[in-house]
Undergrad: 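This structure is in structure tokens; I'll ask about it shortly.
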Number of protein chains: 2
Amino acid sequence: MSSRRDIAAGAGAKGLPAPRHATIRDVSRLANVSRMTVSRALNDPETVRPDTRARVLQAVADLGYVPDRAAGSLASRRSGFIGLVLPTLTNVNFASVAHGLTSALRAKGFQVLIAYSEYRQSEAEAQIRNLLSHRPEAIIVTGEVYSPAARSLLLRADVPVIEIADDPARAIQHAIGVSNHAVGRFVARHLIEKGFTRLGAISSMPQGDLVDHRGGARCNGFEDELRAHGLPTDMIMRTGAAPFSYELGASAISQLLDSHPEVEAVFCVSDLPAVGALMECQRRGISVPRDLSLIGFGDFDIGRVTNPALTTVQVDFLELGRRTGQLVLELLGGADETARMVELGFNLVERGSVGVPRSGPLGS
Amino acid sequence: MSSRRDIAAGAGAKGLPAPRHATIRDVSRLANVSRMTVSRALNDPETVRPDTRARVLQAVADLGYVPDRAAGSLASRRSGFIGLVLPTLTNVNFASVAHGLTSALRAKGFQVLIAYSEYRQSEAEAQIRNLLSHRPEAIIVTGEVYSPAARSLLLRADVPVIEIADDPARAIQHAIGVSNHAVGRFVARHLIEKGFTRLGAISSMPQGDLVDHRGGARCNGFEDELRAHGLPTDMIMRTGAAPFSYELGASAISQLLDSHPEVEAVFCVSDLPAVGALMECQRRGISVPRDLSLIGFGDFDIGRVTNPALTTVQVDFLELGRRTGQLVLELLGGADETARMVELGFNLVERGSVGVPRSGPLGS
DNA sequence: TTGTACGCGTTATCAT
DNA sequence: ATGATAACGCGTACAA
């Protein structure tokens, strides 16, 4: 009956470890019941008599008892964790995914463990390993997992894996999101239908470990569609490292304008570089959309207030997060394990940055 | 020797639970050492002979063993978790805090547990309780914790508590951030020095549970400074519920302009409503800054591309996160427990949305 | 309705 | 340098 804790409490003045958290045992003693009754009163209130339950709850309140989930997980073999690997947190679309996912899951008592890779494959792998050490009940990764080590890690872990925000060529298990390649093709088709023929794009470029797969896929889709129409693809600029920012957008469009002044319309694989490109055009006295059309991706707020406002492709990332959460719930609820593939789709948001084809090259 | 695992594996066809994770015991058997040696090889490599270590590591790799941190936490009494409670994730400044904090901590093996309240006190309390169940080694909350229940929860938890992003009147323990009240006063003083006398502000309003303390504090500081200068404060609009968005900014400025057309300069307690206000002005044909000056807070990207670009007050939230991480490390590293109070300061970013006082009322 | 015994996977402690 | 054993705090299974 005389635990270390008791000793420490008795010898408090000696600077021994401070009294720690109340345990379920402390509560049980105070309420004059067994530990199991406390556990039940908390986790399955119906099964304990109202007055005992009240006593227990009172003791819980008095002691400020908060159950230890690590211990609970160990015993129940359910961690209550859901792992989420994002490229970055400081991108409102990915933050929305996290938000949507969390809101779908927290009511069910799950805790989302958020990790991010800063667009580094090696870091993604490290994060996945770290996540796995917390024994998540499901793990959600953004886009395809390219590193073989990471893939096998996931495979062996024997937890549901959901890949989001892209359409993986070789899905590990489940996938929910949007085809970035299809987005790129759609944008190309859209511009072609508008009559443009001198089409360009700006995208980041894989730099060793650092790669934006989704942006790259959009760029590739764009390129493929140009090819399919027999259009030249030499105005597709891949430059700079992810994340693709304002500054990179500005410098990419600079390079493009310098080398290909004839370009009429440019697909920026994200609104962020699109805004940077727009600013650069203003600096150069190039009028958008009269002289040059620009189209982005992501429907970031910032694109709504530029002048002109940015035409862009929108994907409902909040909903993506929510749907992912629902899928997790299904999967953990004992649904069959057949691979789910959900395509969420996207919308064109036409604003002011796309005009009509010029007759000649820039400056004519 | 015949555990449930063995049985399940043998009877796999019967649909029994799938084979689970490899345990330290599995590794120890494969490497022909005790569990403790495995543990040491992983956590304290120096203390095991190179050849044994190699055998262990090989077994770890072969089995794809990933340690179970819940079990480790239980035994070591260190969770490795750091709790973070934010108002929201989908605000780049708060996301930056999370980012900075994470980057400072993850190298040391800590996992940041991110929770957000959506500006609801009751939710913040629930989140704190939930966080506490994971036995974080430190807990970081945004701004003051106002609910007494939440405060006592934190106090009893006996973990370092750091309040960030404001200067709490009654700090629980440590605090690091910026005085929002001082920001408000500074902005008022700045505008007064520019010669403005008809000053207004727009801010959200506490709606029951829903409250933006930091925005409110900025608004109060602004009001206090006006008072100190004997200026009228009836053009300070508190309206709408947090989070204070574009739409709210637009409607708030509408109300202000309708009721007080004489207003010359308006402090928007965040750039987001400031941008909304700016858009509304454009709709109404009110020229900013000629007819009306606007100043925001937060230095959001969006304020850089509006026309005019937004004058604002900037706080380095990424650095705030990093510093908080360093403080956590100190505190956990056995530094003395004296309360730390760190004021990070702020900068005025002068762009185009603040002009000079008009001679008469709007429209004259 | 309530209680007992055991095990979850790991680390700490002490022994060898 | 390595091993045996006992916690860590809780839930499951079963007994009363």
Side-chain angles (χ1 to χ4, degrees), chain A residues 1-8 17 19-29 31-56 60 63 65-80 109 132-135 137, chain B residues 1-8 17 19-29 31-56 60 63 65-80 109 132-135 137:
Chain A
M1 195 95 328
S2 148
S3 72
R4 269 222 315 272
R5 183 180 351 282
D6 298 329
I7 297 168
R20 303 201 160 276
H21 299 272
T23 71
I24 202 171
R25 159 150 258 136
D26 299 325
V27 176
S28 75
R29 281 200 276 250
N32 262 310
V33 293
S34 73
R35 290 178 308 166
M36 261 327 291
T37 302
V38 176
S39 176
R40 276 192 279 255
L42 261 19
N43 302 327
D44 207 354
E46 325 300 313
T47 68
V48 3
R49 239 178 31 214
D51 57 325
T52 359
R53 189 197 315 156
R55 268 206 334 278
V56 171
V60 166
L63 294 171
Y65 169 70
V66 178
D68 184 328
R69 298 208 57 165
S73 303
L74 203 55
S76 68
R77 309 180 70 51
R78 297 200 48 188
S79 68
L132 252 19
S133 75
H134 292 290
R135 298 294 185 266
E137 298 186 38
Chain B
M1 198 92 327
S2 150
S3 70
R4 269 223 314 273
R5 182 180 356 281
D6 299 328
I7 297 170
R20 305 200 160 274
H21 299 271
T23 70
I24 203 172
R25 157 149 260 138
D26 299 326
V27 177
S28 75
R29 282 200 276 249
N32 262 310
V33 293
S34 72
R35 289 175 301 168
M36 261 326 291
T37 302
V38 176
S39 177
R40 276 192 277 255
L42 260 21
N43 303 327
D44 206 356
E46 324 302 312
T47 68
V48 359
R49 237 175 37 213
D51 58 325
T52 359
R53 191 196 315 157
R55 272 208 329 280
V56 171
V60 165
L63 294 172
Y65 168 71
V66 178
D68 184 326
R69 298 208 55 168
S73 303
L74 201 56
S76 68
R77 311 181 69 52
R78 297 202 47 188
S79 67
L132 252 18
S133 75
H134 292 290
R135 299 293 184 263
E137 298 186 37

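Side chains are part of it too, since the values below use all heavy atoms of this structure and drop only hydrogens, waters and symmetry mates. Residue numbers begin at 1 in each chain, while the letters A, B, ... track the order of the sequences.
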Undergrad: Taking OP1 and OP2 of D:dG9, is either one under 4.0 Å from a side-chain nitrogen or oxygen of B:R77?
TA: yes
Undergrad: Between D:dA6 atom P and B:L74 atom CG, what is the distance in whole Å?
TA: 17 Å
Undergrad: Output the rounded distance in Å from CZ (B:R78) to P (C:dT11).
TA: 13 Å
Undergrad: Could you state the CZ-P distance from B:R55 to D:dG3, rounded to the nearest angstrom?
TA: 8 Å
Undergrad: Would you kindly give the NE2-to-C1' distance between B:H21 and C:dT10, to the nearest whole Å?
TA: 15 Å
Undergrad: Would you check if the side chain of A:S76 reaches a backbone N or O of A:G72 as a donor-acceptor pair within less than 3.5 Å?
TA: yes
Undergrad: Write down the distance between CG (A:D68) and C1' (D:dC8), rounded to a whole number of angstrom.
TA: 9 Å
Undergrad: Does A:V56 reach the side chain of A:V48, with side-chain heavy atoms less than 4.5 Å apart?
TA: no
Undergrad: Between B:S76 and B:V48, which is nearer to the 5' end of DNA chain D once each is assigned its nearest nucleotide?
TA: B:V48
Undergrad: Indicate yes or no: at least one non-hydrogen side-chain atom of A:V38 is less than 4.5 angstrom from one of A:V33.
TA: yes
Undergrad: For A:S73, report the nucleic acid contact type (base, sugar-phosphate, nothing); a contact means any heavy atom under 4.0 Å.
TA: nothing
Undergrad: Looking only at heavy atoms, what is the nearest atom pair of B:Y65 and B:L42, with distance?
TA: CE2-CD2, 3.6 Å
Undergrad: What are the two closest non-hydrogen atoms of B:G80 and B:E137, and how far apart are they?
TA: N-OE2, 2.6 Å
Undergrad: Once you round it to whole Å, what is the distance between C1' of C:dT10 and NE2 of A:H134?
TA: 14 Å
Undergrad: Can you tell me how far P of D:dG9 sits from CG of A:L63, to the nearest Å?
TA: 14 Å
Undergrad: From C-beta outward on B:I24, which listed nucleotide comes closest to its side chain: C:dT10, D:dG9, C:dC6?
TA: C:dT10
Undergrad: Where the side chain of A:R135 is concerned, which of C:dG3, D:dG9, C:dT10 is the nearest nucleotide?
TA: C:dT10
Undergrad: Within residues 36-44 of chain B, find the residues that approach DNA chain C with a heavy atom at under 4.0 Å, and present them sorted by residue number.
TA: B:M36, B:S39, B:N43
Undergrad: Keeping B:R55 on the side-chain end and B:A31 on the backbone end, is there a donor-acceptor pair under 3.5 Å?
TA: yes
Undergrad: So which nucleotide from C:dT4, D:dG9, C:dT10 ends up closest to the side chain of A:S34?
TA: C:dT4
Undergrad: Given C:dT10, D:dA4, D:dC10, which nucleotide is nearest the side-chain atoms of A:T23?
TA: D:dC10
Undergrad: Can a side chain N or O of B:R69 be found less than 4.0 Å away from OP1 or OP2 on C:dG9?
TA: no
Undergrad: A:R135 side chain to A:S79 main-chain N or O, any donor-acceptor pair under 3.5 Å?
TA: no
Undergrad: I need the CZ-C1' distance between B:R29 and D:dT2, as an integer number of Å.
TA: 18 Å
